[in-house]
Each structure stands twice: as C-alpha cells, then as structure tokens.
Amino acid sequence: MRNYLGRRALLGLAQVLTLAVAVFLLVEALPGDAAVALAGDDPDPGRIERIRASLGLDRPILERLLDWLTALAHGDLGTSVVSGRAVTDIIGAGLGVTATLAGATLVLLVPLAVGLGVLAARRPGSRLDRGLTAVFIGLHAVPEFALAILLVAVFGIGLGWLPPTAVGVDPLLDPVVLLLPLVVLLARPVCSISRLVRASMITANGAEYVRHAHRLGLSGRRVRLAHALPNALAPAATQLARTTDWLLGGVVVVEAVFVLPGVGTVLVDAVAARDLPVVQGLALLFATTTVTVNLMADALSFRLAPRAGVGV
Amino acid sequence: MIDRRLFLGLTAGASLAALTGCGSSDAGPGGAAGEPRRGGRLRAAFAGGGAKEVLDPHLANLFVEAARSKALYDKLADLGDDAAPVPRLAERWEPSADLTRWRITLRKAVFHDGKPVRPQDVLASYARIMDPKRAFRAKASLSLIDLANSRAVDDRTVEFALTRPFAEFPNALASFSAYIIPESTEDFTKPVGSGPFRFGTFTPGRSTLLTRNAEYWENPPHLDELEFVLANEESARINALLGGQVEYAHDLSPVTARSHEGRGLSIVRAPNSGMQAFAMKVDRPPFDNRDLREAMFLLTDRQQLVDSTLSGAGQVGNDLFGKGFKHYAEDIPQRTRDLDRAKWLVDRAGARGLAVRLDTSTAATGFVEAATVFAEQARAAGLDVQVAVGDKDTYWANSLKNGSLTSFRSGAMPIETHISGRLLSSSTTNTTKWTRPEFDALYDKAVSTTDESARAAAYGEMQRVLHAEGGYLIWGQADWIVGTSAKVGGVRTAPANTLDWARFDTVWLG
C-alpha cells in the first residue's frame, strides 16, 4: 500500500507539471495577449506594443516558460503581469473565501448525505424512501445558478432574512453572507452522495456478512453503522473526492451570483486579462488539489473496503 | 457574462449631451431624499476587474477606476453638458493669437497632504502620461503638447506650448484619465490627490473606502464616507441594491430598470450615452463601394434595433456621432428606412445575394443581439449578412484590423476627439479605415482657426460627408442606467465619462 501511494504521488507530480506546461501553451494559443486585453477598446497598435514591452511579453515564449519553471523550482509563482502583485497574494485572497466555503460545505455535507442515505436505505421502497428519492432527483436537476437566483429572490430580497450578496463584505469576518451560497453548494452533492450511500447500503444490507452479523444477535443499529456502512461508504468516498475537487476549484457561477471573490472568479478574471502567471498558478493549485484529493479518496476507499484491492 | 466590467468608452475625454434644456438634472422621482444633508456612508456597486484594478489614476480603464479617480483627483478640465470642456483645476485658459501657446490659471487648491497644487505638479503629471516608454491612455490626447517649451509662469500659472495650432486644446485637458497628481508620485498604495474625497482603505477586487475632504476647493462633499464595492454581475448589483447592501448600483440593464422602477428605487437614465453602430471598412470590398454603404444605411430599421436590443432605452441614430453635443449637425435630416432604394442600390453595386460576414462578440452588452437583428434586416434587402461571434477579450484590437463589417460602440466624448481618434489618416484607432486628405484638411481647418463660425462650418461639412458616405452606420444612442435607493439625492443623469457621471461629491443620503 505504501509503495502504491508513493508511486501514485510521483505520478501525480508528473501530472501536475505536465498540466502546468499544457496550460501555459494553451493560454499562449488563445487569441491576443495581456497587452491586447489591457488596451481594450483603445487598441492603438503603438500603445499595444508599448504595453507589451512594459510587461515583458515581447520576449520569446520558450524563454518565458523557462523563466517560469526556474522560478517555480525556487518556490516562486511570480507576479501578475497585469497588476504586478504577487501571484500567491492574488490566489491567496481568493483561496481564503473558496476554502472556507468548501470546508463548511464538506463539514455539513458528509453527515447530512450519509445520514439521509442510511435513512432511505432502512426500508427500501417505503414512503420515506420514495419521498426522499423524489426530492433528491428533483433537487439534483436544478442547476446551481437557478437555485441561487431563487434563494436570493426569496430569502435575500422577498423575506429579507439573509443578505442577498456578499458585496463589499469580507466573508471571513461576516460569515452570515455565506449561508445562502452554502445551501446552493450543498444541494446537489447531498443528492448524489446520499443516493450512492443508499444504494450501497441496500446492497450491503443484503450481503452475507451483514446477515451473519444479524444472526450473531448484534443490534440492528450496530450492524448498520459498524458493519454495513463502512463498506457502503467506499463508492461515496470517490464521489466525495470529486465534490471536494469541484468545491476547491471555486464554483464560478455561485461566486458570481453572490459576489464571492473566490478562486473561480480569480481564474475568470485572469483568463480574460491573459494574465498568464496567475492562470499558471491556479492551474498548479487545481492540479495539485485534484491529484491529492483523489489519492486520499483512493486510500480511504482502500481502508474502508480493503477487498477492492489496488490492482498493482 | 462579465462583459460590462471593461470600460468600453474609447474615451479620450467625454461629454454629455444636453438632456433637457439645461443639461443634467437631478434624479429622484419620489423626492424621498429631500434637501441636501451632511453625513453618512454611501456604498456604490460597480463592476470590477479583479487583479487588473489599480489605484494609479493614469492607468484608469474600468468604470470603477474612473469613478474612484474622479473622487480622489481632479483634471484641469472636464466635459460639460454639450461636450464642451468646463474648467476644473484650471480656473481659466487663454490661447495666444496663433493658438500655439495656452496660458492656464490654476485654481487655489490643495492636495490631501496639505501641499498646494502647483504648475510643477501639472507639468509633471503630463510628463508622466507622455513618457514615450509608457503606455498611458491619455497620452495620444496630450501628444501635441511641446513639454520642453512649456513652463510654469508663476505659482498659479502654467503655459503650454503646442506643436501646432489647436483651438480645441481644452478637450485635451479634459481627456480621460489626465488627472493631476503631486509631482514625482510613483507609489499609489496611498493615493494623494486634490479631489473631493481622501483615500481610506483599498482591498483589491472587493472595496475602496474614501473619506470626505473638508478642504475641497469646490463645495466639500455632503457624504462623510464613500465606499466603492465590486459586483461584476448586473444581477448581483441590483440584488445588493434591493437588499439594502448598497445605495447606488452602476450600469443596470433596461430590463432590470423597467421591472424595478418605482418600487422603492430610483432609476436614473442618461440619454445619448452610448453610440451603437456597425463599422464598415471603406478601404476594402465590399464596403469600398459607396452605393453599398448607402444601401446599408437605408436598409436599417433603427427603431426595431432600439426597441429590441436596447429594450427601448435609447433613441435612433442618424449615422452621426455625438447627438446633442457641441457642433453636432442637427440640420441633417434623420435617415429613415427605404427598403426599395436599398435594394436598388444593392443591385447597382452588383451585391445581390452577396455573403457578408458581420464580426461581433460579447465585448459589449447587446452586440450579438443587435448583429442578429441587423442580419435579418439586411436579408430583406438582398444581402446575406452572416453573424460571426468572436473572442471578446481581444475584440477591439481584432476589429480594428480585420473584417469588413464589425459591431461598434462608443462612450461620450467631444466630436473633435471622435474625429481625431477615428477618422483621420493619422488616427490610431481608425476602424472604418476612413483616410481622406480633403477630410483631414477640413479637420485641420476646424481646429486651427480662431473663427468660431468657420470652425462650426468645417465640422458641419465633415459631418455631411460622413452622413452621406462614411463607414459608421450609427443606428442608436443608448441610455446609461443607474439605480439608487430612494434616500439618495443629488444623483445626476449624466452619461458615463462625463463630469457629472458617477460624481459623488454632490450626492447626499436623505
């Protein structure tokens, strides 16, 4: 297992670096550069040339890539070509918001989704199960932006219970602005994960080892939670990893509706401005997150249900 | 979805058409704001630009940067209701008889650090903007200043030497982002200006807090504090306004405005704010053919474009820039749709069934919608206009060089600035590739004569030529829409880029 994890980690590192180079080349392949984007609706060619020179974008692409990789080797993500601020500062500011929101979502998501899944699986086909299924499928079909707009209209403006946006507030100091976004972010993952838990629980409940546990005279509750549930959680762990990844990438639509300046917004701004160092920094961050989260999920699945094997 | 954050004005100074008889007027139908009152903090929501946002006023590019610069700094002049420059830090200006030297008397004003605004600061500010190694937006407008021969006459007087006679020099003083900063400032982490508000705090991508400057040379602001907050989505700005999180929401859509008008909000509309157009390049087929350009003018159903793409929040255009501005050719009759003649002209140009690509993008609100509606109208006249939606971030640079027919829009600015920037052989943003020596000569005549009536005649002549056979098909003028809470008073209906637009020193909370 340790060997396997070591190899996976090395592979992950290679994946992250490849991705960073690929992103560099892809952004380069986009039409225009930061100078053109900055000039905006005043595209005087002479002015664009001067902006380009002042940003150092007139140097050959390979040279810039090498510079970036060298700096990266020294742990330096560079500075934004557009604002001159450190990339780590720009991303850090967004990450605070995104990580807080993702953390809060996950803390609520896991018990909620698992609890509801277990509850629905207690008596498959019962009125409760069918009711929950209907709600989950319905809710899962609602896109984030639609739910966000609806919640803002009802609770933010109609009833006036909660702030409709996070305009001008620091969400970390005034977390009440995170409540509506939290509900929006929870809605779909709760549905998908609890459905998974429900299905695996039903399978597990019918499995020989669970029936054996019942025969041994263990309480139903103990059998469900201590024996069936860990097995049933393995598939949910993979889905949870995907959700975590999705959350840490900054859910752009939710950030936009609620005006939360998270990493999704930073990315959209950086791509629009062709601010390569910031895009690169984010690519590194997202790639690392994805690799790490998936690695952790695999390790966790293995712990929960060792029989799955690792196949290597 | 984030197209409106960019300051899409082509703004080398800006102005506002007279809206009503006397130009700007106070908003606030309900009058809930009452009489001007001291105190309070006004929060204003604008679209922002994330990492792009800067405090250096000479780099201002986004609406929020322009509004913030205006609160912190002053220009020598700004543009008033008929696009004519009005004195600001300059108390008055006086040209020499040959229009090559301009003597500017400065107002008695102080920077926020208590130091007086001196001619040296003015010269240093302009030298910074004109630095050949740098790329400030106002540089082109100031380029005719001969800095080496300009000088401080005494501690309140500057004399500018120009490289050529220029009657419209005050337009340059009012050009977009030509702010006066204290001499040798390069660090803008704590900006010091002479404007109505002092700097407080700045959180990039989130908010800027400013405080009242009690020493302001004009009337000190009513507000104690002014906070700019950022919300890129229009829906978020209106939600924040409805939810009481802000008192002022900049740049609302006509649809939003209509659905919330009169429901506890004030909607402020500024007519003649945004010129809406299609640019035909006259140097290449097919629009090097004058008949075809005229056919395009005649096949356009302007009212339909205004009604559909602007939701009625605007007026039809007459293929001329600057409706209501000084020197605008009001005497040229409004062009109306004449499909029969358009078809006849299309045939005469041998263009029946011709496929024409219309390049557009989401770089400005309503571009794609207008292009789609227009393509339909052109088909009725026998032209096969095909809409091609391209990349929004590089749209302006692209449409300057490529394509024969492109979507175009412009913020308010003096007609002279529009012509010098876009319609001369030497213009750097000549999207229609309009290069005519005789037209250049008319412009030179207009700006180098001291005779007002000769100047007016030259502007009239230039506009007659453009109306008859120019490359800009200007189909409308969009309103600029701002929403405020009912307790906000003193917000004026000035279009973007003008003196009274986003001007918060005259605003109060009732």
Side-chain angles (χ1 to χ4, degrees), chain A residues 30-33 35-55 80-85 87 89-90 93-94 149 152-153 156-157 160 162-170 177 252-253 256-259 261 265-266 268-275 278, chain B residues 1-2 5-12 43 45 48-54 61 132-137 139-140 203-207 227-233 235-237 239-240 242-246 363-364 390-401 409-411 421 428-429:
Chain A
L30 281 176
D33 60 6
V36 170
L38 258 186
D41 68 340
D42 182 20
D44 169 356
R47 181 163 173 251
I48 291 177
E49 265 322 304
R50 282 192 300 275
I51 298 177
R52 190 166 287 143
S54 71
L55 300 180
S80 150
V81 289
V82 177
S83 68
R85 288 208 302 276
V87 170
D89 286 356
I90 293 174
I149 290 169
V152 168
I157 292 162
L162 290 166
T165 70
V167 160
V169 248
D170 186 341
V177 298
V252 178
V253 172
V257 172
F258 293 105
V259 200
T265 306
V266 175
V268 170
D269 287 339
V271 171
R274 305 286 188 271
D275 198 344
V278 179
Chain B
M1 60 179 181
I2 322 175
R5 73 179 63 176
L6 260 182
F7 188 52
L8 304 165
L10 263 177
T11 39
R43 293 163 297 180
K52 270 200 303 228
E53 229 193 304
V54 288
N61 204 33
K133 289 196 289 296
R134 301 173 79 157
F136 293 117
R137 192 171 185 134
K139 183 176 182 162
T203 317
R206 189 172 295 153
S207 89
E227 186 180 14
F228 292 100
V229 295
L230 300 183
N232 291 334
E233 295 297 317
S235 64
R237 292 196 291 279
N239 283 339
L242 290 168
Q245 295 183 301
V246 298
D391 174 55
K392 74 175 166 57
D393 307 317
T394 52
Y395 178 76
W396 299 105
N398 216 4
S399 61
L400 175 62
K401 279 197 297 252
R409 48 91 67 231
S410 167
T428 51
T429 51

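Letters A, B, ... are given to chains in the order of the sequence lines, protein chains preceding strands, and every chain is numbered from 1.
Here the CG-CD1 distance, from B:Leu400 to A:Ile48, works out to 7.5 Å after rounding to the nearest 0.5 Å. Distance check: B:Thr394 OG1 to A:Asp33 CG gives 9.5 Å after rounding to the nearest 0.5 Å.
The part of A:Ile157 that comes within reach of chain B is its side chain, from C-beta onward, which places non-hydrogen atoms under 4.5 angstrom from that chain. For chain A, the nearby part of B:Leu230 is the backbone; its heavy atoms alone come within less than 4.5 Å. For A:Pro31, the parts lying near chain B are the backbone and the side chain together; criterion is any non-hydrogen pair under 4.5 Å. In this structure, chain B has no heavy atom under 4.5 Å from any part of A:Leu30. Using a 4.5 Å cut-off between heavy atoms, A:Val152 contacts chain B through its side chain alone, with no backbone atom that close. Neither the backbone nor the side chain of B:Tyr395 comes within contact range of chain A, judged by heavy atoms closer than 4.5 Å.
The heavy-atom pair separating B:Lys392 from A:Ala272 by the smallest distance is NZ-CB, 4.1 Å. Among all heavy-atom pairs drawn from A:Pro164 and B:Gly243, the shortest one is CG-CA, 3.8 Å. Counting all heavy atoms, side chain and backbone alike, B:Ala240 lies closest to A:Val167 at CB-CG2, 3.9 Å. Across all non-hydrogen atoms, the minimal contact from A:Arg50 to B:Lys133 is CD-C, 4.4 Å. The two residues A:Pro261 and B:Gly205 have their closest heavy-atom pair at CB-O, 4.4 Å. Considering every non-hydrogen atom in both B:Pro204 and A:Arg85, the closest pair reads CB-NH2, 3.2 Å.
With chain B as the partner, the residue from A:Val271, A:Leu162, A:Val169, A:Ile149 showing the most heavy-atom pairs under 4.5 Å is A:Val169. Chain A forms more heavy-atom pairs under 4.5 Å with one residue of B:Ser399, B:Ala397, B:Ser207 than with any other, namely B:Ala397.
With sequence neighbours left out, the ring-ring contact (aromatic ring centres under 6.0 Å, His included) criterion links B:Phe228 to B:Phe46, B:Phe504.
Side-chain contact check for A:Pro43 versus B:Thr429: some heavy-atom pair is nearer than 4.5 Å. A heavy-atom distance below 4.5 Å is found between the side chains of B:Gln245 and A:Thr165. Within the 4.5 Å cutoff, side-chain heavy atoms of A:Arg274 are placed close to those of B:Asp393. Looking at heavy atoms from C-beta onward, A:Val259 lies out of side-chain contact with B:Val229 at the 4.5 angstrom threshold. Side-chain atoms of B:Arg134 and A:Ser54, non-hydrogen and from C-beta on, never get closer than 4.5 Å to each other.
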Requested in this report: Start with the C-alpha distance between B:Arg206 and A:Asp170, add both sets of side-chain angles, then the distance that settles side-chain contact (heavy atoms from CB on, under 4.5 Å), and finish with yes or no.
Outcome: CA-CA 8 Å; B:Arg206 189 172 295 153; A:Asp170 186 341; 3.4 Å; yes
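Between B:Arg137 and A:Asp41 there is a salt bridge, with a side-chain nitrogen of the basic residue lying less than 4.0 Å from a carboxylate oxygen of the acidic one.
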